[in-house]
Amino acid sequence: VQLQASGGGLVQAGGSLRLSCTASGRTFSTYYIGWFRQAPGKEREFVAAITRGGVGTSYADSVRGRFTISRDNDKNTVYLQMNSLKPDDTAIYYCAADPASLLKVSRAAKYWGQGTLVTVSS
């Protein structure tokens with residue numbers, strides 16, 4: 001599967017953005033999808049993940065209650081709605097996929113897409 005993240009940009013603190021992760025292929029619904037981010041000078045970290053049917057989700061403590069992950073399998077797309085953004089959310093955001101499990105995609109995803117830059121100004 002090939003993944004492409006989009007929707008990044010510059011936003012003021014307190015604002016919102018919605019990221020999209022679009023995948024190629026007909027087997028999109030068989031993959032667990034995760035969002036990750038990497039801030040300048042920091043290691044990549046897990047943000048959120050979603051099950052194949054979209055019912056189950058997982059979030060990092062730092063974004064829980066502010067970010068929402070969802071998916072539309074008919075459109076081969078996973079979304080990350082980001083609200084109440086903070087300067088600490090500034091990072092390149094990546095999406096990733098794995099066929100195995102929610103836990104696997106959150107820790108060692110097999111497929112990765114290009115990132116999209118999110119900058120939150122104070």
Side-chain angles (χ1 to χ4, degrees):
V1 62
Q2 292 184 325
L3 305 168
Q4 179 63 55
S6 63
L10 174 64
V11 63
Q12 289 188 332
S16 298
L17 277 177
R18 189 178 77 161
L19 305 184
S20 298
C21 173
T22 303
S24 62
R26 299 181 178 181
T27 60
F28 176 73
S29 62
T30 66
Y31 290 93
Y32 298 82
I33 304 294
W35 283 99
F36 299 78
R37 66 187 182 186
Q38 187 167 18
K42 295 186 178 180
E43 293 186 354
R44 186 174 62 201
E45 64 175 356
F46 167 75
V47 174
I50 192 165
T51 56
R52 293 174 293 188
V55 175
T57 57
S58 176
Y59 294 94
D61 289 342
S62 59
V63 306
R64 187 175 290 111
R66 299 188 298 123
F67 292 10
T68 302
I69 188 171
S70 61
R71 68 190 295 163
D72 184 339
N73 286 338
D74 289 336
K75 296 182 178 179
N76 279 16
T77 302
V78 169
Y79 303 100
L80 186 68
Q81 178 67 43
M82 306 186 297
N83 299 328
S84 303
L85 283 162
K86 306 174 182 179
D88 283 349
D89 295 318
T90 295
I92 298 174
Y93 284 72
Y94 301 87
C95 57
D98 198 281
S101 69
L102 198 65
L103 183 63
K104 177 70 161 37
V105 76
S106 68
R107 295 186 178 183
K110 186 173 183 179
Y111 304 101
W112 290 84
Q114 301 277 7
T116 185
L117 177 62
V118 172
T119 304
V120 184
S121 63
S122 58

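Computed from heavy atoms alone, side chains included, the values below leave out hydrogens, waters and symmetry copies.
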Only distances under 3.5 Å count here; give the side-chain donor-acceptor pairs of residues 105-119 to other protein atoms, sequence neighbours excluded, each with its distance to 0.1 Å.
residue	atom	partner	partner atom	Å
Ser106	OG	Leu102	O	3.3
Ser106	OG	Leu103	O	2.8
Trp112	NE1	Ala109	O	3.1
Thr116	OG1	Gly8	N	3.0

Next item on the list: Work out which heavy atom in Val78 is nearest to a heavy atom in Trp35; give both atom names and the distance.
Entry: CG1-NE1, 3.6 Å

Notebook entry, point to check: Should we count CD of Gln2 as having more than 12 external heavy atoms under 6.0 Å?
Noted result: no

Checklist line | Interatomic distance, Ser20 atom OG to Gln4 atom CD [nearest 0.5 angstrom] | finding: 10.5 Å

Check: Looking at Asp89 and Lys86, does any basic side-chain N land under 4.0 Å from a carboxylate oxygen?
Finding: no

Margin query: Taking ring pair (Phe, Tyr, Trp, His ring centres under 6.0 Å) as the definition, give me every residue that meets it alongside Tyr94, ordered by chain and number, with sequence neighbours left out.
Written below: none

Next item on the list: Keeping to residues at least two apart or across chains, list the side chain to side chain donor-acceptor pair (under 3.5 Å) pairs with something in residues 39-60.
Entry: Tyr32-Arg52, Arg37-Glu45

Next item on the list: Evaluate side chain to side chain contact (heavy atoms under 4.5 Å, CB included) for Tyr79 paired with Thr68, printing each intermediate quantity in order.
Entry: CA-CA 8 Å; Tyr79 303 100; Thr68 302; over 6 Å; no

Next item on the list: Mind listing the closest non-hydrogen atom pair of Ala13 and Ser122 along with its distance?
Entry: CB-CA, 4.4 Å

Notebook entry, point to check: So, Asn76 side chain and Ala23 main chain: donor-acceptor pair closer than 3.5 Å or not?
Noted result: yes

Notebook entry, point to check: Among the clusters formed by ILVMFWY side chains lying less than 4.5 Å apart, do Val63 and Leu80 turn up in the same one?
Noted result: yes

Next item on the list: Search all heavy atoms of Ser62 against all heavy atoms of Arg66 and return the closest pair with its distance.
Entry: O-NH2, 2.9 Å

Next item on the list: Applying side-chain contact (heavy atoms from CB on, under 4.5 Å) between Tyr31 and each of Ile50, Asn73, Asp98, Val1, report the one that passes.
Entry: Val1

Checklist line | Aromatic ring pairing Tyr93/Phe67, orientation class (parallel under 30°, perpendicular over 60°, tilted between) | finding: tilted

Next item on the list: Indicate yes or no: at least one non-hydrogen side-chain atom of Ile33 is less than 4.5 angstrom from one of Arg71.
Entry: yes

Next item on the list: Kindly compute the distance separating SG (Cys95) from CD1 (Ile69), expressed to the nearest 0.5 Å.
Entry: 9.5 Å

